[in-house]
Amino acid sequence: MDTIHTSEKFPEELKNFTPTLKVGSPGRINLIGEHTDYNNGFVMPTAIDKKIFFEFSENNTNSTCRVYSATYEAYLEFDSNNFSKSDKAWENYILGVVSEIQKKDKKIKGFDCILKSELSTGAGISSSAALECGFASGLNTLFQLDLSKIEIAQLSQKAEHNFVGNNCGIMDQFASVLSKKDHIILLDCESLQANYIPADFKNCKLLLLNTNVSHSLADSEYNTRRKECESAVSILKNTHPEINSLRDVTFEMLENEKNKLKGKSYQRSLYVLRENDRVQKATEAIKAGKLTEFGNLMYGSHEGLQYDYEVSCKELDFLVEFSKDKSYIYGSRMMGGGFGGCTINLIEADKIEEYTKEAAKAYFEEFQIKLDAIAVTPSAGTEIEYL
Ligand code: GLA
């Protein structure tokens with residue numbers, strides 16, 4: 001992080017900044033289990049070896065908070081006793097975290113923070129969770145707030161709900177904070193029970209292909225999907241008062257009540273039930289080293305997201321389709337919220353270079369957009385270092 005002080009926009013206020021603490025906060029991938037987290041279902045994420053790096057120090061003031069993003073060359077200063085929502089998205093992640101920490105009656109003082117990111121925004125690798133969780137983890141250590149890792153993930157999720165306005169599930173924050181190196185997490189989003197599975201993909205690697213598109217529908221459609229699922233639950237509850245989420249719904253219940261569900265709620269719910277099923281099967285397949293089986297489940301997940309949940313887009317569909325006749329690719333699917341971002345591909349490691357070139361050429365011919373490839377490794381969650 002030594003180049004940041006040379007930037008012309010580096011704020012005067014931070015010129016004497018001497019960090020005492022460093023935080024590395026990773027982005028995440030999700031192998032399978034999309035749009036299931038906020039339905040109390042199952043997901044299979046892990047952190048990746050790309051991060052947002054933070055440096056922190058106290059600044060001997062009571063409540064002056066100074067944060068500089070070296071990546072965006074943007075400076076934010078606020079009083080922790082008196083602040084409100086901002087019209088700048090990145091600032092709301094920061095302000096939201098401080099607000100949620102205070103709601104827990106935890107006290108912070110003035111601090112300085114500089115951050116720098118290697119995570120592309122809009123790529124579906126959750127730079128937002130990395131920002132919230134890394135920032136929250138830094139304040140937790142700096143001011144000895146005694147928050148557990150789960151609390152950090154949960155308060156970061158709330159910051160996103162309350163300050164950013166995106167009603168996300170817990171997957172991204174959980175993975176960013178609690179992942180283990182060389183493992184993937186089978187996370188039960190109802191109990192928050194995590195099973196760490198060794199990420200053994202034999203001669204294969206996980207490759208992200210970034211469409212470099214991020215359609216503006218993403219946030220509003222995300223919240224709509226959530227409402228469609230909740231609407232199904234509230235109707236199904238009339239006949240089955242014991243259910244609290246789609247997690248408690250069986251295929252049989254859904255079929256029996258099909259005609260009572262409004263709009264696209266049936267179609268959305270069916271996708272969620274099937275996706276939860278796929279995650280269970282995927283766990284068994286990975287544990288048994290059956291990569292073809294696992295890959296087919298990835299394709300099944302994409303199909304559900306494309307046709308039933310309707311959160312894909314033509315660029316993602318093109319890339320998944322393009323992979324299908326390649327014998328060295330086992331599976332491919334859109335990843336994250338959808339409407340752009342990356343596909344995740346399970347591919348034989350020695351074919352990555354050749355395939356990336358081929359896919360980039362075809363993608364450019366179709367959309368005149370550059371395709372970016374990112375090979376990722378399952379990595380540890382948030383890491384903290386005293387300086
Ligand atoms: C976004 C949200 C997550 C999850 C995914 C879809 O990444 O932040 O909580 O819902 O979309 O699986």
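Throughout, numbering of the chain's residues begins at 1 and tracks the sequence. Predicted model, so just to flag it, every value in this text is computed and none were measured. Every number for a ligand or one of its atoms is a count from 1 in the order of the listing.
- The aromatic rings of Phe135 and Phe54 are tilted relative to each other, their planes meeting at an angle between 30° and 60°.
- Between Gly336 and ligand 1, no pair of N/O atoms sits closer than 3.5 Å.
- Geometrically, ligand 1 and Thr36 share no nitrogen or oxygen pair separated by less than 3.5 Å.
- Among all non-hydrogen protein atoms, the one lying nearest atom 5 (C) of ligand 1 is Met171 CE, 3.8 Å.
- Nearest protein heavy-atom neighbour of atom 9 (O) of ligand 1: Asp37 OD2, 2.5 Å.
- The closest side-chain heavy-atom distance from Glu315 to Leu319 is not below 4.5 Å.
- Salt bridge present: Glu34 and Arg333 bring a charged side-chain N and a carboxylate O closer than 4.0 Å.
- Using the six-membered ring where Trp is involved, His183 and Tyr196 have ring planes that are perpendicular, over 60° apart on the 30 and 60° scheme.
- Here's the thing with Tyr222: one of its N/O atoms is less than 3.5 angstrom from an N/O atom of ligand 1.
- Residues Thr377 and Ile48 fail the side-chain proximity criterion, which asks for heavy atoms closer than 4.5 Å.
- Polar contact check, Asn30 against ligand 1: no nitrogen or oxygen pair lies under 3.5 Å apart.
- Between Phe294 and Phe201, the ring-plane angle classifies as parallel under the 30° and 60° cut-offs.
- In summary, the atoms of ligand 1 found under 4.0 Å from a heavy atom of Gly169, numbered by their order in the structure, are 9 (O).
- Residue Asn166 has no N or O atom closer than 3.5 Å to an N or O atom of ligand 1.
- Partner Leu208 forms a side chain to side chain contact (heavy atoms under 4.5 Å, CB included) with one of Ile344, Asp372, Asn345 and no other, that one being Ile344.
- At a 4.0 Å heavy-atom cut-off, ligand 1 does not touch Arg225 at all.
- The shortest distance between side-chain heavy atoms of Arg274 and Asp308 falls below 4.5 Å.
- For atom 8 (O) of ligand 1, the nearest non-hydrogen atom of the protein is Asp172 OD2, 2.6 Å.
- Of all atoms in ligand 1, listed by their number and element, those nearer than 4.0 Å to a heavy atom of Arg28 are 7 (O).
- The contact set between ligand 1 and Tyr38, taken as ligand atoms under 4.0 Å from a residue heavy atom, comprises 10 (O).
- Between the side chains of Ser312 and Gln306, not a single donor N or O lies within less than 3.5 Å of an accepting N or O.
- Contact analysis leaves Arg226 out of contact with ligand 1, as no non-hydrogen atom separation drops below 4.0 angstrom.
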